[in-house]
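Source: prediction; values computed, not measured. A note on names: the letters A, B, ... follow the listed sequences, proteins ahead of strands, and every chain is numbered from 1.
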Amino acid sequence: MLSQRSILSSSSSSSSASASAATSSSTSPPTSLVGSPEWRAHIPRLLRTLLPAFSLTLLLLAIFVMQPRAMSYFGLNLMLNLAVPIALATIAQMMVIAINDLDLSLGAFISFVACVAATWLNTHPVAGALALLACVGIYALLGALIHLRQLPAIVVTLGMSFVWSGAAILLLPSPGGSAPDWLRTLVSIKTPWVPLAIVASVVLALLVHLLMVRSTLGVRLRGAGGNAQAVAKSGVSLFKARVTLYAFAGVFGVLAGLCLVGLTTSADAGIAMRYTLLSIAGVILGGGEFVGGRIAPIGAVLGALTLVLAGSLLSFIHIAPDWQIGAQGAILIIVLALRTLANRIGARS
Amino acid sequence: MNRLMQATLNRQAWAARPWIWSYVAAVLVLIATWSFTGGAGAGELLSGALSFSAFFAVAGLGQMLVITTGPGNIDLSIPANIALSGALAMKVMNQQDSLIGLGVLAVVGCGLSIGLFNYVLIRLLRIPPIIATLSSSFLVLSVAIVYGRSVRIQPPEGVYQFATGKVLGVPWVALLVMLLALMMAILLKRTRLGWGALAIGQNPRAAALAGIPVERIRCCVYMVSGLMASLCGLLLAGFSGGASLSMGEEYLLASIAVVVIGGTSVGGGCSNVPGVWGASIFLYLLVSMLNTFGLGAGVRMILTGCIIIAVITAVSGSAVSQAKAR
C-alpha cells in the first residue's frame, strides 16, 4: 500500500493534510515539514486548498455586511436550506469527475429520484425503495458500458438525461406528488445552535473525505483517474474502479433527490435540471480538476455552499434576476482566475 | 485463405468510412417510418429532414472542428450563442430587407467574438475548455436574456424566404449546408489550419515540436465554432419566425451527438464531414419517427435517449475493433 501512496503523492492535491502524509511516508526520515525546502513546494497546493474556504468566507462577510440579520440561526437556515441537496449532487458529480468523466445527466437523474420519492416511495414504500436501488444499479451499468466499449461519457450521459427526464414525465406528468412524512421530518430537524444544513454539510464533507482521500479504496479509485496505467499494473481493476465510482455517483444522486423532495415536499419532472451545471461548477470551485483524479471532497462541499450563497448575495445587492446566471458565470471565472494566480505565485516561489 | 483476406479488406474499407453508419441508420429509420405510415407523406418527410437537419449540421460542423483538436476540447457555449445570435439578428434587421447585410455582419461578429472569448478564457486561466465554455455560456445567456427580452421580432421577409424556401424541391438551407460542409472539408484537407487542427488532435506535443502554431490554431478553431453556432442561430430565428431564448437548448446534445454518431473520433485527430450531415438527418428522422408512432412525450424521450446511446455504442464499437485491428 505504501508504494501506491507514493505513486499518488505527486498527483493527489486533494488536501494538504493527505499530501503531507503521503510525502512523509515516501521520504523515510519523517522531518518537520515547516522550514524544509519541501514546505515551499507545498505553497501552491496549500493556496489552492485554502481558496474554496477563502472565497466562502469572503462571501459570508459580504452577506453579513449587506444584511446583518442574515447572521442568525434563522437567517443561515433560510439561506442554506437548499444547500444540502446541491452539496450531495456536487459530491455525486465529483465521483464521476474522479475517473475523468463528466455526468451531464445528473440534474435529470435527481429530478427523477425526486419524482419517485414523491410518488412511489410515499404510496408503496417497498417498490419505491427498490426503484431507487435499481437507479444505483443503472449508474453502475453505465460505468460498465462506458468502460467496456470505451464510450465518451459526455454523450452517454447526455443520452441518459433524456431517459431520466422521460421517465420522470411518465411518473409525474404535472407538478405534484407529496414527500413521505419521515423524509420531511428528517430534513427539518432543528439542531441546537447550528442549523441542520451546516451540520449536514460538515458531516458529509468529512465522511466523503475519509472515504475518498484517506481510505485505501479511495486512493485506488483516485489513482484510476490519475494514472490508469500505473494503477492497473499494481493489480487494481480499472473496470471495477469505474463501476464503483459510478455506483457512488448514483448513491449520492439518490440522496440528493431524497433530500430535495423532503425540503420542497412535492416534485415535478424538471425540479433539479439546473443541478447538472451547478454540480460541475461546485466541483471546480472546490479545487477539483477534470483530469488526473484530482478531487477535493471538502472543497467540493464548500464550493456548493459558495454557489448557493452567491445566489443570496446577488439578491441582497439587488442584481436583476436576468443577470443572475451571468453573475454565477462571472464568479466561476473570478475564482478560476484566482486559482491560476495562486499557481503562478507557487511556481515563482 | 483468399476469401479471408477479401473479408479483411472489406472490413477495413468499412472501418475507413465510419460515416456510412450514420446514413445506414438514417435509412433504417426512414424505412421504419414509411412502413408505419404506408408511404404517406414521404416527400414532406424527406424535405423536412433536409431542412431541419441543416440546423443540426451547421452547429455540428463547428463542434466537429473543436472536437478534432483533441480530448477535452468541446464547445458548450453553442446553445447560449444560438440564443444570443438569433436575438441580435432579429433586432438589427428590424424586419427590413435592406438591413439584412448589416444583421449578418453583426451575427458574424458576435459568433467570432464569443469564440475568441472562449479561447481567451482557456488560454489565460488555463482551464479545461469544458468549464471555460460553460462559464462563458452563462455570461452569454445572461446577455441574451437581457438583450432579447423585448417582444418577439419577426424576421425580415428575405431571411424568412431563404430559411423556409426551396429551389427545385431542395430547401435553400440544405444547399447552404452542402456549401458549408464543402468549405469545412476543404479547410480540413487543404489548408494549414485544418492540417494543424488534425495534427494537434493526434499529438499536441509532436505538433508543437513540428513547428505548428498550436495556440493560434486553437484560437481559430474556437472562433470558427462560434461563427457556425451564430449562423445556426440566425437561420433558426429566420426559420421559426423570430428568436427565442430556448431555441438553442437542444443543440447542446445535438451538436455533440451528430459529431460522434457521424464517425468523428472523440479522442480527436480524425474528423468526418459527411458523417455530421448523415447523423443530423438521422437525428431528425428519429424524432419524427417517434412522433409518427404517436407516443407520449415521456416514452418518446426515453426512446430517443436509448437509441442515441445504442448508436454511439455501435459506432464506437467499430472504432474499437478498428483500433485493435491496427
- prompt: Non-hydrogen atoms of chain B under 4.5 Å away: do they reach the side chain of A/I146, the backbone, both or neither?
  reply: neither
field: Point-to-point distance, once rounded to the nearest 0.5 Å, from CZ of A/F162 to CG of B/L303
entry: 12.5 Å
field: Steps toward side-chain contact (heavy atoms from CB on, under 4.5 Å) verdict (B/I130, A/I154)
entry: CA-CA 11 Å; B/I130 291 180; A/I154 291 184; 4.0 Å; yes
task: Side chain from CB out, backbone as N, CA, C, O: work out which of these in A/I333 comes under 4.5 Å of a heavy atom of chain B, or both, or neither.
output: both
query: So what's closer than 4.5 Å to chain A heavy atoms on B/V140: side chain, backbone, both or neither?
result: neither
message: If you define the side chain from C-beta out and look only at heavy atoms, does anything of A/I284 sit under 4.5 Å from B/I127?
response: no
- prompt: Which pair of heavy atoms, one from A/G166 and one from B/M301, lies closest together, and at what distance?
  reply: CA-CB, 3.7 Å
- prompt: Which value, rounded to the nearest 0.5 Å, describes the distance between B/S135 atom OG and A/I334 atom CD1?
  reply: 11.0 Å
statement: Here the pair of heavy atoms bringing B/S142 nearest to A/G326 is OG-N, 2.7 Å
message: Less than 4.5 Å to any heavy atom of chain A: does that hold for the side chain of B/L76, its backbone, both, or neither?
response: neither
query: Are the side chains of A/W323 and B/L139 in touch, meaning some heavy atoms are under 4.5 Å apart?
result: no
Contacting region of B/V299 [heavy-atom separation from chain A under 4.5 Å]: both
- line: Ranked by heavy-atom pairs below 4.5 Å to chain B, first place among A/V155, A/L104, A/T340 goes to A/T340
task: Give me the one residue out of B/I74, B/I67, B/V260, B/V259 that meets side chain to side chain contact (heavy atoms under 4.5 Å, CB included) with A/P152.
output: B/V260
query: Between atom CG of B/L253 and atom CG of A/L158, what is the distance when rounded to the nearest 0.5 Å?
result: 5.0 Å
field: Portion of B/I309 that has a non-hydrogen atom of chain A nearer than 4.5 angstrom
entry: side chain
- prompt: Going from OG1 on B/T313 to CD on A/Q150, what distance comes out if it is rounded to the nearest 0.5 angstrom?
  reply: 12.5 Å
- prompt: Among A/L277, A/I331, A/I169, which residue forms the greatest number of heavy-atom pairs with chain B at distances under 4.5 Å?
  reply: A/L277
